[in-house]
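In what follows, chains carry the letters A, B, and so on, assigned in the order in which the sequence lines appear, proteins first and then strands, with residues in each chain numbered from 1. In this text the structure is predicted, and so the values were computed from the model without any measurement.
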Protein chains: 2
Amino acid sequence: MDLIQRLNWRYATKKMDAAKAVPQEKVERILEAIRLAPSSSGLQPYDILVVTNPQVRAKIRPVAWDQSVITDCSHFLVFAAWDDYTTERIKTMFDFITAERGSTNEGLESYRKMLLSKYPPRGPEVNFQHAARQAYIALGVALVAAAEEEVDSTPIEGFEPDAVDDILHLRSRGLRSVLLLPLGYRDADNDWLVNLKKVRRPRKKFVTEVN
Amino acid sequence: MDLIQRLNWRYATKKMDAAKAVPQEKVERILEAIRLAPSSSGLQPYDILVVTNPQVRAKIRPVAWDQSVITDCSHFLVFAAWDDYTTERIKTMFDFITAERGSTNEGLESYRKMLLSKYPPRGPEVNFQHAARQAYIALGVALVAAAEEEVDSTPIEGFEPDAVDDILHLRSRGLRSVLLLPLGYRDADNDWLVNLKKVRRPRKKFVTEVN
């Protein structure tokens, strides 16, 4: 399957087969794709949690519209963004980049200074919103990666983030939950959405050419 | 190349070869992947502009940190999100989904009512922020799609959105610019970033397992 076929194959799975586990090597490739996703200034301002614990998932389900995929899926991913761009976080990431590349670089150094002067003073709410957007890029990559592995997934924005933050103890780590992504296998016989046509606006209404 | 290889191949290209055009069929496949990207409630709350006009790109460049890729790229994409979730927009999209599927469905109808009661009263700023996040999912898909076509790309968040909105007359269409994505071919001899190692946090610092 090419990418277009994979994107047509995938859908927001509403019912998963609780008896089917995704092989760990597939999960690892999906996580690696997420890890490689780009982010603003390369800061990667989010963590991924992989929840397999059934008790924890049972606690999350009622604060996420009681969706059955949360407990029926094989692996349950949580995208948790930084609650702020702090001076320490920016310095840590730039030090790591410099160490990995084996040398610093004048352009990178002035860029780091610019971020340090600009980001921390904006305050945590502006910074969290910016970090959260980066997690959405990673979600886009994750959805493709799952489809490439023929693994179903259900992107979920509809949940009570404060409750999920509590259940997963995210705030004490400086994180806030942004997106949920159950991974598993569709239970096609019991999923109302599986056979409904995927609908998108036609190209001519979606794309404007400025020639 | 598999997805992981493609994600390692791609990078935020800093210098493109202005003499090389991306074949239109590749651009079309990238646009089709973007069109197929999922969004919250399937509303697709953004448009894509494909700017090839050199005068328009020359106007955008100074309000986007003077990045040379804006004028040197082959095709210049702008992701422009809805400025609001209006009643009319929600109804139009749900009517379209129903028409495409040939029948309505009780679940979809109650979902539509819920969105109509919840989204428009939140106000344009909350709704725009939510719509903008959806464009980031599409950006993630676009970056993979470009890499699959061996087309280079440069995701750009750093620009003056009001100025770009003016240049492209977006506000009168109810749109606000969110992301820029030049597509083209790397000028490897003149790109300072092309040979620098891609740095990401190691898996063990990026992923937490809750078993």
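Under 4.0 Å is where a charged nitrogen must lie from a carboxylate oxygen, and between Arg176(A) and Glu125(A) at least one such pair does. A salt bridge between Arg89(A) and Asp83(A) is present, with a side-chain N of the basic residue lying under 4.0 Å from a carboxylate O of the acidic one. By the 4.0 Å N-to-carboxylate-O rule, Asp191(A) lies too far from Arg186(A) to be salt-bridged with it. Salt-bridge check for Arg29(B) with Glu32(B): failed, with every basic side-chain N at 4.0 Å or more from each acidic carboxylate O. Between Asp162(B) and Arg171(B), at least one side-chain N (NZ, or NE/NH1/NH2) sits under 4.0 Å from a carboxylate O, which counts as a salt bridge. With salt bridges taken as basic N to acidic carboxylate O contacts below 4.0 Å, one links Arg112(B) and Glu109(B).
Interface remark: Gln44(A) contributes backbone and side-chain atoms alike to the contact with chain B (heavy atom separation under 4.5 Å). Neither the backbone nor the side chain of Arg57(A) comes within contact range of chain B, judged by heavy atoms closer than 4.5 Å. Contact of His75(A) with chain B is not made at all, since no heavy-atom distance falls under 4.5 Å. Proximity to chain A is absent for every atom of Leu175(B), based on heavy atoms less than 4.5 angstrom apart. Looking at Leu196(A), the atoms closer than 4.5 Å to chain B (heavy atoms on both sides) sit in the backbone and in the side chain alike. In this structure, chain B has heavy atoms under 4.5 Å from both the backbone and the side chain of Ile34(A). Within the 4.5 angstrom heavy-atom criterion, no atom of Ile30(A) approaches chain B. Within the 4.5 angstrom heavy-atom criterion, atoms from both the backbone and the side chain of Val207(A) approach chain B.
By a heavy-atom distance cut of under 4.5 Å, Val144(B), Ala145(B), Glu148(B) are the residues of residues 144-153 of chain B near chain A, going up by number. Proximity to chain A at a heavy-atom threshold of 4.5 Å picks out Lys197(B), Lys198(B), Val199(B), Arg200(B), Arg201(B), Pro202(B), Arg203(B), Lys205(B) from residues 197-205 of chain B, in numerical order.
Among all heavy-atom pairs drawn from Lys26(A) and Val22(A), the shortest one is CB-CG1, 3.8 Å.
Applying the ring-ring contact (aromatic ring centres under 6.0 Å, His included) test between Tyr85(B) and each of Phe128(B), Tyr46(B), Phe94(B), Tyr119(B) identifies Tyr119(B) as the sole match.
Seen from the ring of Tyr136(B), Arg133(B) does not count as a face-on cation partner, given the 6.0 Å and 45° thresholds.
Taking 4.5 Å as the limit, some side-chain heavy atom of Leu108(B) sits within range of a side-chain heavy atom of Ile97(B). You'll find the side chain of Pro38(B) reaches within 4.5 Å of the side chain of Ile137(B), heavy atoms only.
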